[in-house]
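Accompanying notes for the structure given below.
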Amino acid sequence: MEKQWWHTKTAYQIYPKSFCDTNGDGIGDLPGIIDKLDYLKDLGIDILWLSPIYCSPLADQGYDISDYYNIDPRFGTMEDMDRLIAEAKKRDMYILMDLVVNHCSDEHAWFRKACEDPEGEYGKYFYIEDCPDGKRPCNWRSYFGGSVWEPLPGHQDKCYLHMFHKKQPDLNWENPKLREEIYTMINWWLDKGLAGFRIDAIINIKKPLPWQDYPADRADGLCSAGEVLKHADGIGAFLSEMRDRCFLPHGAFTVGEVFNEKPEELPDFIGDHGYFSSMFDFNETIFGGSGNGWYDQTPITPNDYRSCCFASQKKVGDIGMLSNIIENHDEPRGVSRYIPEGECSIPAKKLLATMNIMLRGLPFIYQGQEIGMENVEFQSIREVNDISTLDEYQVARKAGLTPDAALKAVNRLSRDNARTPFQWDASANAGFTDGTPWLPVNRNYTRINLASQKNDPDSVYQYYRRLLALRKDPRYAETVVYGDLVPVFEDQDRVMAYYRTSAAQTLLVIGNYKTEPQTLTLSSKIRKVVLNNLPQLKTEGDTITLEGYQAVILDVSSDS
Ligand code: TEU
Ligand code: CA
């Protein structure tokens, strides 16, 4: 694998709406992000991915774009955006925007023109079909529930496709004119100085045509979008065209949100000349999923988490670099998901950080992860904002769960868990806003906030700073960034351990994922304890005893 400038970097996802509000309207904004650049630099962050801030009705929190060339006034102005890019550059930081081009908003001018003249030029930017008597072209289910077909406004005998929300009409990538519009927009942003993009739902842009039903997987007679994706071939033509027309000429960094990729396609996706620079590892997030819905998802155990991480590492090997996460804006908080209920201690949060950040690949920290933010606890479905969660609540209720059981089931996986405001301090609204936050702050903000951790050497925040620094420490960087990953102690219950090996060095990363101590026999001498989430490490001869949720990084390089 060829070395790239971004391999040594660390990335951070900002969900702008919940990051920092500077004008008291309860919505995070660009000036708030600029104010926090030094905080992020000090944390050890190089690359910033901003979830969408383009003009949008926010039906799907900005993933429904009504103008690709303008910043939504709720987040700020284009001058603010230019200032953010410039201020980041001054700090050797890089800005990624979210590229959402599987669909746009139904309030985009293109869709409005399509509704005026479905047979005209803009009608061909979308998938518009004749739907006499409401008959739908196929039985696909939207990610947000219900049919993917919606009556075209003003044309009851026609319908349009939306894989996501009905306010997110899919763009027709089979239309070269539409693709040209997209490439022009991408290059316009790259010419403004963006370092690249996170690429949203991009695997959805290729539909299996002509329209056809697939076996229904629920009583509603529909089939999942995931099932549809299995039948779509030829996406490479679009992705390679986008790479060659946009990303390559700008040397852009791109990370794909790719689900359901075909294993044999991996080199095409993230190899040296792949469509993208990297793609997220979602193996852990999709574990235990059920076609019946979130209520039926099997919780992931520590041993499952270990297996998922190692399977992804094995699958990718030296083909390219994965982007590793424990959470993002679509997922529950990682510490609430990957640490068993009742065991979510500070050492456990640090252990999870160690296990994930030390994997081979680019770490993507999600805002608030660095201070150990946890899931919210909904008291009522009325507290829920997320359209996906609201849909899954109805799915659970239709499956027979009581209101309380359905709420508890969707709370575990709700996207709102990651969308509550960043908890800066213990003041009103956790210092996020002087106004009323668009989504209530997690009630635990007086216990979990940055201010209480900033100057505490034993805090989760300070541990993240030490952990991230290893990627830039000349003593360890080559091994941490490029070292092979070799699992070890895989048969030891609730121990996650792996070597990171380079020509000159071997590091051993070990986590005791139990509350009780575990003793392990090492096959190599400990040269140095590089990092420890507890003050001490018990060793005796070639054994070590890890306390409950103790994680260590050991230099076990041989003398030769
Ligand atoms: O998500 C794409 C997606 O398919 C999964 O994340 C998931 O199925 C979806 O979030 C429903 O739970 C991307 C964005 O990350 C997400 O926030 C948007 O809602 C979606 O695309 C549509 O743009
Ligand atoms: Ca604001």
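Every number for a ligand or one of its atoms is a count from 1 in the order of the listing. All values below come from the heavy atoms of this structure, side chains included, with hydrogens, waters and symmetry mates left out.
Ligand 1 places these atoms under 4.0 Å from at least one heavy atom of R198: 14 (C), 15 (O). Of all atoms in ligand 1, numbered sequentially from 1 with element shown, those under 4.0 Å from a heavy atom of S388 are 11 (C), 12 (O). Close approach of ligand 1 to F144 (heavy-atom distance below 4.0 Å) involves ligand atoms 11 (C), 19 (O). Atoms of ligand 1 lying under 4.0 Å from at least one heavy atom of D60, given by number and element, are 18 (C), 19 (O), 20 (C), 22 (C), 23 (O). Here is the list of ligand 1 atoms found below 4.0 Å of a heavy atom in R419: 17 (O). Of all atoms in ligand 1, numbered sequentially from 1 with element shown, those under 4.0 Å from a heavy atom of Y143 are 4 (O), 8 (O). Residue contact check: H103 has heavy atoms under 4.0 Å from atoms 22 (C), 23 (O) of ligand 1. Each of the following atoms of ligand 1 lies closer than 4.0 Å to a heavy atom of H329: 14 (C), 15 (O), 16 (C), 17 (O).
Within the 4.0 Å cut-off (strictly below), a protein heavy atom is located near atom 20 (C) of ligand 1.
Protein heavy atom nearest atom 15 (O) of ligand 1, with residue, atom name and distance: D330 OD2, 2.4 Å. In this structure, atom 13 (C) of ligand 1 lies nearest to the protein heavy atom D200 OD1, 2.8 Å. Looking only at protein heavy atoms, the nearest one to atom 1 (O) of ligand 1 is E257 OE2, 3.0 Å. Looking only at heavy atoms of the protein, atom 5 (C) of ligand 1 is closest to F259 CE1, 3.8 Å.
Residue H165 does not touch ligand 1, judged by heavy-atom distances below 4.0 Å.
For residue I27, an N/O/S atom approaches the Ca ion (ligand 2) to within less than 3.0 Å.
Residue contact check for ligand 1: H162 places no non-hydrogen atom closer than 4.0 Å to it. Residue Q61 places no heavy atom under 4.0 Å from ligand 1. Using 4.0 Å as the threshold, R415 has a heavy atom nearer than that to some atom of ligand 1.
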Could you walk me through whether F269 and I202 pass side-chain contact (heavy atoms from CB on, under 4.5 Å), step by step?
CA-CA 11 Å; F269 274 75; I202 197 64; 5.8 Å; no

Verdict with reasoning, I47 to M93, per side-chain contact (heavy atoms from CB on, under 4.5 Å)
CA-CA 6 Å; I47 296 173; M93 296 173 85; over 6 Å; no

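Taken from CG in N375 to CZ in R333, the straight-line distance is 8.5 Å, to the nearest 0.5 Å.
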